[in-house]
S.K.: 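This is the structure I have questions about; it appears just below.
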Amino acid sequence: MLSDNLLNTFRRSLLNWYDSNKRDLPWRETQDAYKIWLSEIILQQTRVNQGLAYYNRFIQQFPNVQHLANSHEEEVLKLWQGLGYYSRARNIHATAKTIVSEYNGIFPTDYEEIIRLKGIGDYTAAAICSFSQNKPYAVVDGNVFRVLARIFNIDTAIDTTSGKKEFKILAQSLLDKNKAAVYNQAIMEFGALQCVPNNPDCENCIFNYSCSAFAENKVQYLPVKSKKTKVRERFFNYLVILDGSYCFIQKRTENDVWKNLYEFPLIETTQKIDFSELVLTDSFRAIFKNAGDIELLHNGFYTKHILSHQKIHAVFYTLKTFSTNISINRYEKTFFNKLANYPVSRLIEIYLESQKII
DNA sequence: AACCCGGGGAT
DNA sequence: ATCCCAGGGTT
């Protein structure tokens with residue numbers, strides 16, 4: 001148990017630091033739960049610098065929850081394009097509809113109600129409650145894990161159930177309950193700017209006399225994570241099938257990467273495969289009625305696409321044929337020059353850019 | 001508890 | 001290459 005004296009010193013130091021070091025960020029200028037919610041979803045696993053422009057575009061296009069609820073999911077995904085973790089976009093759209101239909105368009109104020117919404121977990125619920133209403137819920141994000149692990153020299157792995165629980169209890173005990181909003185902002189900002197993951201400037205840190213990890217020279221080893229990420233290799237063979245000024249696309253609907261985004265007809269293989277072998281596969285033959293009516297315009301465009309958990313080897317083949325030769329009608333026929341209107345993955349976007357299509 | 005879900009920047 | 005980012009959902 002920490003003494004009141006220590007607690008008060010910690011809080012006061014942190015808030016003082018924040019007051020003189022904080023960045024000007026638009027979501028800090030409002031208590032509108034809608035805007036705070038939107039900013040928090042955008043910032044999940046996303047750096048401020050990457051999310052900022054998206055936040056501004058979303059607020060401009062969807063100034064309130066009714067606008068978002070009245071939009072189409074595709075419009076939301078298109079605006080989200082390039083930000084990753086697209087379930088966030090699908091969820092904000094679904095949740096906007098829930099808020100309009102079940103909460104009369106007014107964002108719920110109760111933590112237990114908020115955390116029940118799609119795409120909102122304990123971090124985001126605490127953030128919304130504290131930032132919009134100053135309610136005493138401590139946020140625990142990657143910054144908070146790091147700051148607390150170091151100051152208190154805690155080597156419990158943060159990616160375990162027990163570790164999360166331990167840090168959450170500690171964070172809640174440290175929270176300045178009368179200043180929850182500014183305190184939560186402060187501890188996250190401190191982690192983002194001062195107590196950074198690599199080579200933090202501990203010599204110039206307000207806590208370098210009290211930081212337990214600094215005293216024991218363990219800063220660089222904290223926080224501890226137990227799991228290592230495994231990377232799966234995948235091989236995507238895309239068919240850019242042209243029929244005059246048309247081409248064919250499909251929507252990814254499986255529970256897989258890029259769900260509900262669009263792409264060209266895809267044949268996924270378990271290993272690298274040449275075009276001469278690709279045409280012999282059942283998947284390829286199932287697409288075309290008559291392989292003799294297909295013309296390969298040029299050799300494939302190769303690119304390697306790296307995600308957190310996947311390494312995708314992608315190749316795009318440009319084919320020419322007639323629509324009547326496409327035997328499967330699961331594909332959508334569209335103008336080639338309208339492709340830019342569809343929400344697509346960064347991988348597809350990179351291809352389109354390489355062909356100077358967008 | 002283990003696994004899945006993106007993209008980009010820093011090192 | 002590896003790590004991390006204002007995490008959450010599914011199995």
Side-chain angles (χ1 to χ4, degrees), chain A residues 22-23 25-28 36-55 77 80-92 94-95 114-128 130-131 137-147 157-165 167-168 171 181 183-193 195-200 220-232 234 252 254-261 304-312 343-350:
Chain A
K22 64 183 175 186
R23 295 167 288 184
L25 299 172
W27 45 85
R28 288 179 176 162
I36 290 168
W37 165 59
L38 187 55
S39 73
E40 292 302 335
I41 303 299
I42 287 174
L43 292 173
Q44 287 171 0
Q45 293 294 288
T46 304
R47 290 170 199 275
V48 165
N49 283 340
Q50 189 187 3
L52 188 53
Y54 284 84
Y55 173 80
L77 284 170
W80 200 272
Q81 182 174 311
L83 199 51
Y85 284 157
Y86 296 92
S87 65
R88 295 183 291 172
R90 302 193 303 270
N91 284 336
I92 58 167
T95 292
I114 290 174
I115 202 170
R116 216 173 292 150
L117 298 167
K118 268 190 186 176
I120 297 182
D122 51 4
Y123 163 76
T124 305
I128 294 171
S130 62
F131 298 151
Y137 293 91
V139 294
V140 183
D141 72 332
N143 294 305
V144 176
F145 276 122
R146 187 170 55 254
V147 171
I158 63 173
D159 56 352
T160 61
T161 304
S162 61
K164 289 187 175 89
K165 186 178 175 185
F167 279 92
K168 192 171 175 179
Y183 171 90
N184 277 338
Q185 292 283 1
I187 192 167
M188 288 195 288
E189 191 79 331
F190 183 76
L193 299 182
C195 195
V196 293
N198 299 314
N199 303 316
Q220 61 178 312
Y221 303 112
L222 295 173
V224 172
K225 279 191 177 179
S226 62
K227 304 180 180 75
K228 271 189 264 185
T229 60
K230 290 175 292 189
V231 178
R232 176 165 61 127
R234 303 177 74 175
R252 294 178 64 88
E254 303 303 308
N255 284 325
D256 192 1
V257 71
W258 303 320
K259 183 176 179 180
N260 287 10
L261 301 187
K304 195 187 297 181
H305 197 69
I306 307 293
L307 305 176
S308 294
H309 298 271
Q310 298 185 31
K311 184 189 293 183
I312 297 174
V344 297
S345 67
R346 186 70 184 116
L347 170 59
I348 299 295
E349 189 179 36
I350 285 169

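Just so it is clear: chains get the letters A, B, ... in the order the sequence lines come, proteins before strands, and each one is counted from 1.
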S.K.: From CG of A:Asn49 over to P of C:dA6, roughly how many Å is that when rounded to an integer?
M.R.: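 Nearest whole value for this atom pair: 9 Å.
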
S.K.: When you measure from the side-chain N and O atoms of A:Trp80 to the phosphate of B:dG7, is any distance below 4.0 Å, counting only OP1 and OP2?
M.R.: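 No, no such contact exists.
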
S.K.: If you look at every strand shown and take non-hydrogen atoms under 4.0 Å, does A:Asn184 touch a base, only sugar-phosphate, or nothing?
M.R.: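 No contact.
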
S.K.: Hey, is the side chain of A:Lys230 poking within less than 4.0 Å of OP1 or OP2 on B:dC3, counting only N and O atoms?
M.R.: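 A:Lys230 to B:dC3 OP1/OP2: side-chain N or O found under 4.0 Å.
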
S.K.: Could you work out which one of B:dG6, C:dG8, C:dA6 sits closest to the side chain of A:Gln44?
M.R.: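 Of the options given, the side chain of A:Gln44 lies nearest C:dG8.
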
S.K.: Taking only side-chain N and O atoms of A:Asn198, does any of them lie within less than 4.0 angstrom of OP1 or OP2 on B:dT11?
M.R.: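 It does not, given that no N or O in the side chain of A:Asn198 lies less than 4.0 Å from OP1 or OP2 of B:dT11.
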
S.K.: Using the closest heavy atom to pick a nucleotide of DNA chain C for each, name whichever of A:Arg88 or A:Arg47 lands nearer the 5' end.
M.R.: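 So the residue in question is A:Arg47.
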
S.K.: To the side chain of A:Gln185, which of B:dG7, C:dA6, C:dG7 is closest?
M.R.: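 Of all the options, the side chain of A:Gln185 is nearest to C:dA6.
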
S.K.: Base, sugar-phosphate alone, or nothing: which one does A:Arg28 contact when heavy atoms must sit under 4.0 Å apart?
M.R.: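 Base, at least one base heavy atom under 4.0 Å.
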
S.K.: Polar-atom pairs under 3.5 Å, protein N or O versus N or O of nucleotides 9-11 of chain C: list them with distances, or write none.
M.R.:
{"residue": "C:dG9", "atom": "OP1", "partner": "A:Gly119", "partner atom": "N", "Å": "2.7"}

S.K.: Please determine if a side-chain N or O atom of A:Thr124 lies less than 4.0 Å away from the OP1 or OP2 oxygen of C:dG8.
M.R.: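 True: A:Thr124 side-chain N/O within range (under 4.0 Å) of C:dG8 OP1/OP2.
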
S.K.: Are A:Gln45 and C:dG7 close enough that a side-chain N or O sits under 4.0 Å from OP1 or OP2?
M.R.: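 The answer is yes; a side-chain N or O of A:Gln45 sits under 4.0 Å from OP1 or OP2.
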
S.K.: Holding to side-chain contact (heavy atoms from CB on, under 4.5 Å), I want the full list of residues that pass it with A:Asp122, two or more places apart in sequence or in another chain.
M.R.: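 A:Asp122 satisfies side-chain contact (heavy atoms from CB on, under 4.5 Å) with A:Tyr111, A:Ile115, A:Lys168 once adjacent residues are dropped.
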
S.K.: In whole Å, measure the gap between the C1' atoms of C:dC4 and B:dG6 for me.
M.R.: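 Looking at atom C1' only, C:dC4 and B:dG6 are 13 Å apart.
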
S.K.: Give me the residues of residues 304-312 of chain A where at least one heavy atom lies under 4.0 Å from an atom of DNA chain C, by number, or none.
M.R.: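 Heavy-atom contacts with DNA chain C come from no residue of residues 304-312 of chain A; none.
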
S.K.: Remember a base hit wins even if backbone is also touched, and classify A:Thr46 as base, sugar-phosphate or nothing at under 4.0 Å, heavy atoms.
M.R.: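 Here A:Thr46 touches the bases of the nucleic acid.
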
S.K.: Working note: A:Arg146 + A:Asn143, criterion side chain to side chain donor-acceptor pair (under 3.5 Å); need CA distance, chi angles, decisive distance, verdict.
M.R.: CA-CA 5 Å; A:Arg146 187 170 55 254; A:Asn143 294 305; 2.9 Å; yes

S.K.: Would you say the ring centroid of A:Trp27 lies under 6.0 angstrom from that of A:Tyr55?
M.R.: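 Yes, they do, as the ring centres are separated by less than 6.0 Å.
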
S.K.: Answer with base, sugar-phosphate or nothing: what part of the nucleic acid does A:Gly191 contact at a heavy-atom distance below 4.0 Å?
M.R.: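 Touches nothing.
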
S.K.: In whole angstrom, give the distance that lies between atom OH of A:Tyr54 and atom P of C:dA6.
M.R.: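 Atom-to-atom, A:Tyr54 to C:dA6, this comes out as 17 Å.
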
S.K.: Determine, stepwise, if the pair A:Lys164 / A:Ile158 fulfils side chain to side chain contact (heavy atoms under 4.5 Å, CB included).
M.R.: CA-CA 6 Å; A:Lys164 289 187 175 89; A:Ile158 63 173; 6.0 Å; no

